[in-house]
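The chain is numbered in sequence order, starting from 1.
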Amino acid sequence: MARLVIDMERHGDVDVVRLTGELDMSSQHLLIAALAGPLASERPRIVLDTAGLRFCDSSGLWQLIDSQRRAESRGGGLRLVGVRGVLARLLTITQLVDQFPPYGSLEDACHWSSLR
């Protein structure tokens, strides 16, 4: 079984990407490949559902930051939902909670009334 499983679906004009497993140096290439298409679109709106992540290291965190920056540079954004465990601690320790504000549900994260 793969260390990181990625499932993607479309909710209106939002790409929802579900991550299950471990996001680290050895699996980050899978996330990069999965987000290549959505990040190339005009005004990419991406929600990463991280509820299934069991582990995330600094290289995985860097990919989240880089993907968010790339989405914002094209007039879109990247949001996280289901943040808990190791990823929640990592965001707190690195003081990135404000950069990735928590959303209570997938529906809330997919509602894009305005972008920062």
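- Take T50 and apply the side-chain hydrogen bond (donor to acceptor under 3.5 Å, both in side chains) test, not counting sequence neighbours, and it matches no residue.
- Summarising the local packing, CE of M8 is surrounded by more than 12 heavy atoms from other residues, nucleotides or ligands at distances under 6.0 Å.
- Residues R79 and F100 are not in side-chain contact: their nearest non-hydrogen atoms beyond the backbone lie 4.5 Å or more apart.
- For the atom pair CG of L4 and NE2 of H29, the computed distance is 9.0 Å after rounding to the nearest 0.5 Å.
- Among the candidates L30, L53, L48, the single residue satisfying the side-chain contact (heavy atoms from CB on, under 4.5 Å) test with L23 is L53.
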Return a table of donor-acceptor pairs under 3.5 angstrom between the side chains of residues 31-40 and protein atoms on other chains or two or more places apart.
none

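- Within the 4.5 Å cutoff, the side chain of V17 has heavy atoms near those of the I46 side chain.
- Partners of D13 according to the side-chain hydrogen bond (donor to acceptor under 3.5 Å, both in side chains) rule, which considers only residues two or more places apart in sequence or in another chain, are R45.
- Residues satisfying the salt bridge (charged side-chain N to carboxylate O under 4.0 Å, His left out) criterion with D57, sequence neighbours excluded, are absent altogether.
- Here the CD atom belonging to Q99 is positioned 9.5 Å from the CG atom belonging to L64, to the nearest 0.5 angstrom.
- Every salt bridge (charged side-chain N to carboxylate O under 4.0 Å, His left out) that R18 has, sequence neighbours left out, goes to E9, D49.
- Interatomic distance, F55 CZ to S27 OG, rounded to the nearest 0.5 Å: 9.0 Å.
- Between M25 atom CE and Q63 atom CD the span is 10.5 Å, to the nearest 0.5 Å.
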Under 3.5 Å donor-acceptor pairs involving side-chain atoms of residues 80-96, not counting sequence neighbours:
{"residue": "R84", "atom": "NE", "partner": "A51", "partner atom": "O", "Å": "2.9"}
{"residue": "R84", "atom": "NH2", "partner": "A51", "partner atom": "O", "Å": "2.2"}
{"residue": "T92", "atom": "OG1", "partner": "A88", "partner atom": "O", "Å": "2.9"}
{"residue": "T94", "atom": "OG1", "partner": "L90", "partner atom": "O", "Å": "2.7"}
{"residue": "T94", "atom": "OG1", "partner": "L91", "partner atom": "O", "Å": "3.4"}

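- Counting heavy atoms from C-beta outward, D24 and C56 have side chains that stay 4.5 Å or more apart.
- In this structure, V14 and C110 approach most closely via the heavy-atom pair CG2-O, 3.6 Å.
- Listed here is the closest heavy atom pair of A71 and L78: CB-N, 4.2 Å.
- The OH atom of Y103 lies 10.0 Å from the NE2 atom of H111; values are rounded to the nearest 0.5 Å.
- Looking at R43 and R74, their side chains never come closer than 4.5 Å, going by heavy atoms from C-beta outward.
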